[in-house]
Student: 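Take this structure, written in C-alpha cells, and hold onto it; I'll ask about it next.
Each chain gets a letter, A, B and so on, in the order the sequences are listed, and its residues count up from 1. The structure presented is a predicted model; accordingly, all values stated were derived computationally and were not measured.
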Amino acid sequence: MTDETKSLRDVRLEKLAKLRELGVDSYPVETKRTHRAVEVVDGYDELEGVDVAAAGRLSAVRGHGKAVFADLTDETGKVQLYFKKDNLGDDFELLELLDLGDFVNAGGTVFKTKTGEVTIEVKWFKILAKGLRTPPVVKTREAGDGTVETFDEFADPEKRYRRRYVDMLVNPASKKRIADRARMTAAIRRFMDERGFIEIETPILQPLYGGANARPFTTYHNELETDLYLRIADELYLKRLLVAGFEKVYEIGKDFRNEAIDRTHYPEHTLLEWYEAYATYEDCITMSEELIAGLAEEFHGTTKIEYQGRPLDLTPPWRRAEVVPTINDATGLDVFDCSEDDLRKAIEKLGGETQESWTRYKLIDELLDLVVKDEAWDPMFVTGHPAELSPLAKRSPGDPRIVERFELFIAGTELANSFSEQNDPLAQREALEAQAEARAAGDEEAQTVDEDFLTALEYGMPPAGGIGVGLDRLAMILTDAPNIREVLAFPQLREKK
RNA sequence: GAGCCGUUAGCUCAGUCGGUAGAGCAACUGCCUUUUAAGCAGUGGGUCGCUGGUUCGAUUCCAGCACGGCUCACCA
C-alpha cells in the first residue's frame, strides 16, 4: 500500500471513528428495501408521491449547501437521492461522514426534479457499509444523441485485472460481459436439456489424462499416495458413460492445460463437450450451427453480428473445407504421396517455419494452419484430417487415410473440435499405442494409453458423434471481447514482487 | 521463449533538450436548498516501477531487473 492510499484511507477511518462516537453502526445487519433503483425510475407513473426505500452504493454526490443530490447505484442501475436539511434535521450532518462507494439505505417520496429526473426525496437514511478505499471516480455524460462520453475511465489493463472487483464496480461494460457469459452458459444448458441431453460431472482429478494433446497440471493426493492430473479434456469419461448406457450426455466444465496465456488461450478454460449415441460428426455440425446461431439470435437478435469492428456472419449453413484437397490445391502437392522434404519446402514457401523434429503429420498440421485456418473469419468447418492427427476419431469409410472429423473456426480461432468417435476397441488401442510411441520419442503432448478406457470400449460403445466447444472463445465472440481475460471474472496475472 | 512499447498523485494524463514535477476529477476547508462531468474560492497529496551506472546533480541519459500491453512462437 502506498502512502497516498493511506492518507485517503485515513480520512475514511476518521469518519468511521466519528460515526462510532455518534453511536452509529457503520455495518448494521438490517436493510429496508422496497424497490430497486431502476424499478423506482421505471415505475414513476405509479410511484409519484409514494414512499419507497432503496439500497445501494453512493456513486456520485453533488452538494448544494443545505441540500445534497446523490446517485444511489444498485445492480439494476441508479436512482437519484435528494437530501434536504429541512427534511432531515440533525441527520443531515451525517452526510458529511459518507463517501463515494459507501453502501446506503434511503427512504422517502418519489418525485421528479425540474430537469425531469426521477428522484427520491429522502426522509431517512442509514449507512449499510462504510468503504475504506476510494473507488476510481468514473464519470459519464450522455450526449443528446444518446452516446455516452466517459471521463477518467478505469482503463489500465493491469489494474483492471488485478482488482477485477473494482473494474466491474466502475466499468459497467466489464460487469456486463461477465453477466452475459453467465446468461450464455445458462442458454447452452437449456439448449442441451431441451434436446434430451443430461449433464453429468466427470472427474477433474484424474490418474491419467487424455482426450486431447496438451501438457497437464500435476498434483498429489496424500491419502491415496498418488500423483493425479487435472483433466485436459472430459472426453474419455463421457465416452465411458456411453458404454454405461447413456445415449445423450454433456458436461460444461473447466479443463486445465499447462500452457502460456495469450489473447485466445488460458490455462483453465471452459469446455462444453457432448456425446450422442447413434449420431455422427455430421449431426454435430448441424447441432453446433443451431447452438451458436441461436445464441447470436438471442444475444443480438441476428446472426449477422460484428466482432472487433469486423462483420461476422454466423448464418448457417457454414462453409466447409476439406483438409487434403485444400492443401493439395494450395501447394500443388499430394500430401499423402510426397516426401517430407516437399512438405517442409511448401511450408517455407507459405511463410511458415519448420522444426527438425517434426513428423510428417505435424508438417501436414502446420500446412493446415497456413492454408486453411488463417483465412477463416466467418464460420468454417475444416474436415477430413489425416488419421494420424486424430487418434480418437473413426476413419472415413471412403478413405482410411483420413478421419470423420471437423474443426470449427470462427473469427480466426478454433472454436470446436468434433468426430465420429472411435468405438472399435482394437483400432483405438492401436492409435493410442502409436501416441504412446510418439510420446516416448519426445512429444510431450502426445496421449497416453488409458487401459481402463480401452477396457470400457471392449464392453461395447455405440457409434456416436462427439464434440468439444470452447466456451471462453464463444463468449468472446458473443460479447465482442478482444481478449479471453475479458470473459473471465478473475484472470490470473503474474504475482507482483 | 523473442521483438516492440509502456510504468509520473486514488483515477485519467501532461511534463522536465539533466537543476528533485503539473492539470482535471477524487480528497480536505469555506460558500451555495431542484443539481447531474453541479458551480465558485482555497488547501493538502508524489522516494516520477525497482536496482545500479554516467554526472557537481538523474524522474529525465544508459544498463539490468520486475510487472503489464501488443505482435510472433507454442497451443484449444
Student: Under 4.0 Å, heavy atom to any atom of RNA chain B: which of residues 168-177 of chain A qualify?
Tutor: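 Within residues 168-177 of chain A, no residue comes under 4.0 Å of RNA chain B.
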
Student: Would you mind classifying the nucleic acid contact of A:Phe111 as base, sugar-phosphate or nothing, using non-hydrogen atoms under 4.0 angstrom?
Tutor: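 A:Phe111: base contact, heavy atoms under 4.0 Å.
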
Student: Distance between the P atoms of B:C74 and B:U7, in whole angstroms?
Tutor: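 Pairwise P distance, B:C74 against B:U7, rounds to 31 Å.
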
Student: State whether A:Lys139 places a side-chain N or O below 4.0 Å from either non-bridging phosphate oxygen (OP1 or OP2) of B:A38.
Tutor: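 For B:A38, OP1 or OP2 has a side-chain N or O of A:Lys139 closer than 4.0 Å.
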
Student: Show me, pair by pair, the donor-acceptor contacts under 3.5 angstrom made by side chains of residues 37-45 of chain A, not counting sequence neighbours?
Tutor:
residue, atom, partner, partner atom, Å
A:Glu39, OE1, A:Arg36, N, 2.9
A:Tyr44, OH, A:Glu48, OE2, 3.1

Student: Once ring-ring contact (aromatic ring centres under 6.0 Å, His included) is applied, do any residues pair with A:Tyr229, and if so which ones, sequence neighbours excluded?
Tutor: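 Once residues adjacent in sequence are excluded, the partners of A:Tyr229 under the ring-ring contact (aromatic ring centres under 6.0 Å, His included) criterion are A:Tyr209.
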
Student: A:Gln447: what forms a side chain to side chain donor-acceptor pair (under 3.5 Å) with it, not counting sequence neighbours?
Tutor: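 So A:Gln447 forms a side chain to side chain donor-acceptor pair (under 3.5 Å) with A:Asn213.
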
Student: Can you check whether A:Asn483 has a side-chain N or O nearer than 4.0 Å to OP1 or OP2 of B:C70?
Tutor: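 Yes, because at least one side-chain N or O of A:Asn483 sits under 4.0 Å from OP1 or OP2 of B:C70.
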
Student: Distance alone, cut at 3.5 Å: any donor-acceptor contact between the side chains of A:Glu322 and A:Thr383?
Tutor: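 Side-chain D/A pair, A:Glu322 to A:Thr383: absent.
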
Student: Applying side chain to side chain donor-acceptor pair (under 3.5 Å), can you list everything that pairs with A:Asp51, at least two apart in sequence or on another chain?
Tutor: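 With sequence neighbours excluded, A:Asp51 shows a side chain to side chain donor-acceptor pair (under 3.5 Å) to A:Thr109, A:Lys123, given in chain and number order.
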
Student: On RNA chain B, check which nucleotide each of A:Gln492 and A:Tyr266 is closest to and give me the residue with the more 5' one.
Tutor: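 That would be A:Gln492.
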
Student: For RNA chain B, find the residues of residues 150-161 of chain A with a heavy-atom distance under 4.0 Å and give them by number; none if there aren't any.
Tutor: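 A:Phe151, A:Asp152, A:Glu153, A:Phe154, A:Ala155, A:Asp156, A:Pro157, A:Glu158, A:Lys159, A:Tyr161, in order of number.
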
Student: When you check the side-chain N and O atoms of A:Arg20 and A:Ser26, is any donor under 3.5 Å from an acceptor?
Tutor: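 There is no such pair between these side chains.
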
Student: Represent RNA chain B in dot-bracket notation, 5' to 3'. Only Watson-Crick or G-U wobble pairs with both distances under 3.5 Å count; pseudoknot-style crossings use [ ] and interstrand partners use |.
Tutor: (((((((..((((.....[..)))).(((((.......))))).....(((((..]....))))))))))))....

Student: Which pairs, with at least one residue in residues 47-92 of chain A and sequence neighbours excluded, count as a ring pair (Phe, Tyr, Trp, His ring centres under 6.0 Å)?
Tutor: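 The answer is A:His64-A:Phe69, A:Phe69-A:Tyr82, A:Tyr82-A:Phe111, A:Phe83-A:Phe125.
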
Student: With A:Arg62, which residues qualify under side chain to side chain donor-acceptor pair (under 3.5 Å), at least two apart?
Tutor: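 Partners of A:Arg62 under the side chain to side chain donor-acceptor pair (under 3.5 Å) test: A:Asp71, A:Gln80.
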
Student: Please enumerate all residues that pass side chain to side chain donor-acceptor pair (under 3.5 Å) together with A:Lys130, with sequence neighbours excluded.
Tutor: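 Side chain to side chain donor-acceptor pair (under 3.5 Å) check on A:Lys130 returns A:Asp99, A:Asp102.
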
Student: Quick one: CZ on A:Arg231 to OG1 on A:Thr202, what's the gap to the nearest 0.5 Å?
Tutor: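 Atom-to-atom, A:Arg231:CZ and A:Thr202:OG1 are 4.5 Å apart.
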
Student: We want to know whether A:Tyr237 and A:Glu273 form a side-chain donor-acceptor pair, criterion being a heavy-atom distance below 3.5 angstrom.
Tutor: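 No, no side-chain donor-acceptor pair sits under 3.5 Å.
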
Student: What residues from residues 60-77 of chain A pass a heavy-atom cutoff of under 4.0 Å to RNA chain B?
Tutor: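 Hits under 4.0 Å, by residue number: A:Arg62, A:Gly63, A:His64, A:Gly65, A:Lys66, A:Ala67, A:Phe69.
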
Student: By nearest nucleotide on RNA chain B, pick out whichever of A:Thr115 and A:Val138 is the more 5' one.
Tutor: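 Closer to the 5' end of RNA chain B: A:Val138.
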
Student: Sequence neighbours excluded, which residues qualify as side chain to side chain contact (heavy atoms under 4.5 Å, CB included) partners of A:Ala387?
Tutor: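 For A:Ala387, the residues satisfying side chain to side chain contact (heavy atoms under 4.5 Å, CB included) (neighbours in sequence not counted) are A:Arg395, A:Val403.
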
Student: Please check if any side-chain donor atom of A:Tyr266 sits under 3.5 Å from a side-chain acceptor atom of A:Glu268, or the reverse.
Tutor: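 Result is no, nothing qualifies.
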
